[in-house]
S.K.: 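I'd like to ask some things about the structure below.
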Amino acid sequence: MKKTIGLVTLLLLCPALTSSFEVKNPIGAVVPWVIGEKFVFELGYGLIKAGEATLEVQSTEDLVLSSGAVRRTAYHFVAAAHSNSFVDVFYKVRDRNESWLDVEHWITHRFEQHNQEGKYILDQVVEYDWKEARFKNTEAVKGRPVKYEEGELKIPAIDTLSSLYMARAKTFSVGDEFTMDVHSGTNWPLVVKVLRRETVKVPAGKFDCFVVEPTLRERGLFIQKGKKMQVWLSADARKIPVKMTAEIFIGRVSAELKEIHGVPHD
């Protein structure tokens, strides 16, 4: 729809990137996600059960960058959403977003969107070459000419999916505001506001949460640019995404956590 606990073992150190991108764990926090964790959400549209969404840390993967000269190890994040058979009749959703975030430097190497939302169908692949400080963006929207873009990477940045995981690694309090540099074909600042702290009950149980609101100037996770989104993150070291609400073309939708897999107890 329009649109972490335990330490992760670092693998072999890789050749250095261009010096201007020597950024190591820029938030300076313990990694709050674990390999193999998976969160399953129930999607709702008003009182209607609309489908299911998942957030998953699938693995760490060795990537050979497009320059062919540098090998990096990256977290592989996957977010997916699909509407149920009832909603399919009037607004079919089949979304899959994937990103590869450098384990050591926390910059994105590759980002993909393969989304069908109603009649809107998007396939996008962005490749980031930090050694050469260049990106390649291929974007295909059904009914439009395929768009190819190349350009400079001027500052270290992450993609929109990785930004959710980076927010989980941030230590914050109510009233805080922080910014992350995001690149999804263009660079833009993602401003996140910590609105309040509240207890919320979802199918997976009751959670004490921080409610955060990202301001999206471009397409985000299951949301169009300029639309409002709020995320409930558990107020513990894991910062588990417990609930999300977003405005989309057909109205306001929600995602409530119903299953947790592969995450140690706090």
Side-chain angles (χ1 to χ4, degrees), residues 4-18 21-41 53-67 70-81 95-114 124-131 135 153 155-171 178 180-184 190 192 212 214 220-222 231 233-234 236-241 244 257 259-264:
T4 358
I5 195 162
L7 293 173
V8 177
T9 303
L10 298 182
L11 303 182
L12 294 175
L13 292 178
C14 304
L17 303 177
T18 307
F21 296 115
E22 282 291 328
V23 179
K24 295 189 177 184
N25 289 19
I27 293 178
V30 172
V31 176
W33 57 82
V34 293
I35 306 303
E37 72 169 30
K38 183 177 182 179
F39 303 125
V40 183
F41 300 86
T54 57
L55 285 171
E56 186 174 4
V57 184
Q58 283 199 343
S59 61
T60 54
E61 299 179 8
D62 288 334
L63 302 176
V64 177
L65 305 189
S66 55
S67 62
V70 180
R71 182 183 295 272
R72 303 297 302 175
T73 301
Y75 299 111
H76 184 192
F77 302 135
V78 179
D95 281 0
R96 183 177 177 88
N97 295 355
E98 301 185 62
S99 66
W100 287 262
L101 180 74
D102 194 282
V103 166
E104 183 182 0
H105 294 273
W106 290 19
I107 49 180
T108 298
H109 291 303
R110 184 180 178 90
F111 174 62
E112 296 187 17
Q113 289 192 89
H114 305 285
Q124 181 185 25
V125 176
V126 187
E127 294 179 298
Y128 308 82
D129 186 338
W130 296 101
K131 183 177 177 61
F135 75 90
L153 291 167
I155 55 176
I158 55 175
D159 62 275
T160 50
L161 174 54
S162 292
S163 70
L164 173 60
Y165 288 89
M166 295 281 279
R168 291 174 62 188
K170 178 75 172 174
T171 300
F178 56 94
M180 293 181 280
D181 293 310
V182 173
H183 189 285
S184 54
L190 173 64
V192 180
V212 303
L221 182 62
F222 315 133
V231 182
L233 297 173
S234 62
D236 55 27
R238 301 169 298 174
K239 293 289 197 309
I240 292 174
M244 293 176 278
L257 185 64
E259 296 175 21
I260 301 174
H261 302 281
V263 177

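Along the sequence shown, residues carry numbers from 1. All values reported here derive from a predicted model rather than from experimental measurement.
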S.K.: Could you tell me whether the side chain of M166 reaches within less than 4.5 Å of the side chain of I158, counting heavy atoms only?
M.R.: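 In short, these two side chains touch, coming nearer than 4.5 Å.
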S.K.: Heavy-atom distance under 4.5 Å between the side chains of P241 and L233, does that happen here?
M.R.: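 Answer yes - side chains close enough.
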S.K.: Could you tell me if the side chain of F111 sits less than 4.5 Å from the side chain of E127, heavy atoms only?
M.R.: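 No, side chains not in contact.
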S.K.: Taking the side chain as every heavy atom from C-beta outward, state whether L257 and I240 have any pair of such atoms under 4.5 Å apart.
M.R.: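 L257 vs I240: side chains touch.
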S.K.: Restricting to non-hydrogen atoms, name the atom on H76 and the atom on V78 that form the minimum distance, rounded to 0.1 Å.
M.R.: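 Minimum heavy-atom separation between H76 and V78: NE2-CG2, 3.6 Å.
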S.K.: Does a side-chain heavy-atom distance below 4.5 Å link E61 with T73?
M.R.: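 Answer no - side chains too far apart.
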S.K.: Salt bridge (Lys or Arg N to Asp or Glu O under 4.0 Å) with E56: which residues, sequence neighbours excluded?
M.R.: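 Salt bridge (Lys or Arg N to Asp or Glu O under 4.0 Å) list for E56, sorted by chain: empty.
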S.K.: Stepwise, does the side-chain contact (heavy atoms from CB on, under 4.5 Å) test hold for K38 with T54?
M.R.: CA-CA 7 Å; K38 183 177 182 179; T54 57; 3.9 Å; yes
S.K.: If we only count heavy atoms from C-beta on, is the H183 to Y128 side-chain gap below 4.5 Å?
M.R.: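 The answer is yes; the side chains approach within 4.5 Å.
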S.K.: Less than 6.0 angstrom separating the ring centers of Y75 and W100, yes or no?
M.R.: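 Between Y75 and W100, the centre distance exceeds or equals 6.0 Å.
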S.K.: Check side chain to side chain donor-acceptor pair (under 3.5 Å) between E112 and all other residues, then give those that pass, not counting sequence neighbours.
M.R.: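 Listed in chain order: R110, H114.
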S.K.: Would you say the side-chain atoms of E37 and H261 include a donor-acceptor pair closer than 3.5 Å?
M.R.: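 Judged by distance alone, the side chains do not pair up.
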S.K.: Distance check, rounded to the nearest 0.5 Å: N97 atom CG versus Q124 atom CD?
M.R.: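 If we round to the nearest 0.5 Å, N97:CG and Q124:CD are 9.0 Å apart.
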S.K.: Without swapping roles, check the side chain of W33 against the backbone of K239 for a donor-acceptor pair under 3.5 Å.
M.R.: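 Side chain of W33 to backbone of K239: no pair is present.
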S.K.: Looking at residues at least two apart in the chain, or sitting in another chain, which of them share a side chain to side chain donor-acceptor pair (under 3.5 Å) with S162?
M.R.: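 Expected list: S99, D159.
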S.K.: Can you tell if the side chain of E259 reaches within under 4.5 Å of the side chain of F39, non-hydrogen atoms only?
M.R.: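 The answer is no; the side chains never approach within 4.5 Å.
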S.K.: Using the rule given for side-chain contact (heavy atoms from CB on, under 4.5 Å), can you reason through L55 versus L164, listing the C-alpha separation, both sets of side-chain angles and the distance that settles it, and then say yes or no?
M.R.: CA-CA 10 Å; L55 285 171; L164 173 60; 3.6 Å; yes
S.K.: In Å and rounded to the nearest 0.5 Å, what is the CD to CZ distance from Q113 to R96?
M.R.: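 These two atoms lie 13.0 Å from each other.
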S.K.: If I compare all heavy atoms of V126 with all of S184, which pair ends up nearest, and what's the gap?
M.R.: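 Where V126 meets S184 most closely, the heavy atoms are CG2-C, 4.4 Å.
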S.K.: Less than 4.5 Å apart, any side-chain heavy atom of L101 and any of I107?
M.R.: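 No, every pair of side-chain atoms sits at 4.5 Å or beyond.
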S.K.: Would you check, one step at a time, whether the test side-chain contact (heavy atoms from CB on, under 4.5 Å) holds for V31 with Y165?
M.R.: CA-CA 9 Å; V31 176; Y165 288 89; over 6 Å; no
S.K.: Could you list the residues that satisfy ring pair (Phe, Tyr, Trp, His ring centres under 6.0 Å) with F41, not counting sequence neighbours?
M.R.: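 For F41, no residue satisfies ring pair (Phe, Tyr, Trp, His ring centres under 6.0 Å) once neighbours in sequence are set aside.
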S.K.: Working to the nearest 0.5 angstrom, can you tell me the gap between M180 CE and S163 OG?
M.R.: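 Here the interatomic distance stands at 5.0 Å.
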S.K.: L190 and V182: which non-hydrogen atoms are nearest, and at how many Å?
M.R.: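 So the two residues come closest at CB-CG2, 3.6 Å.
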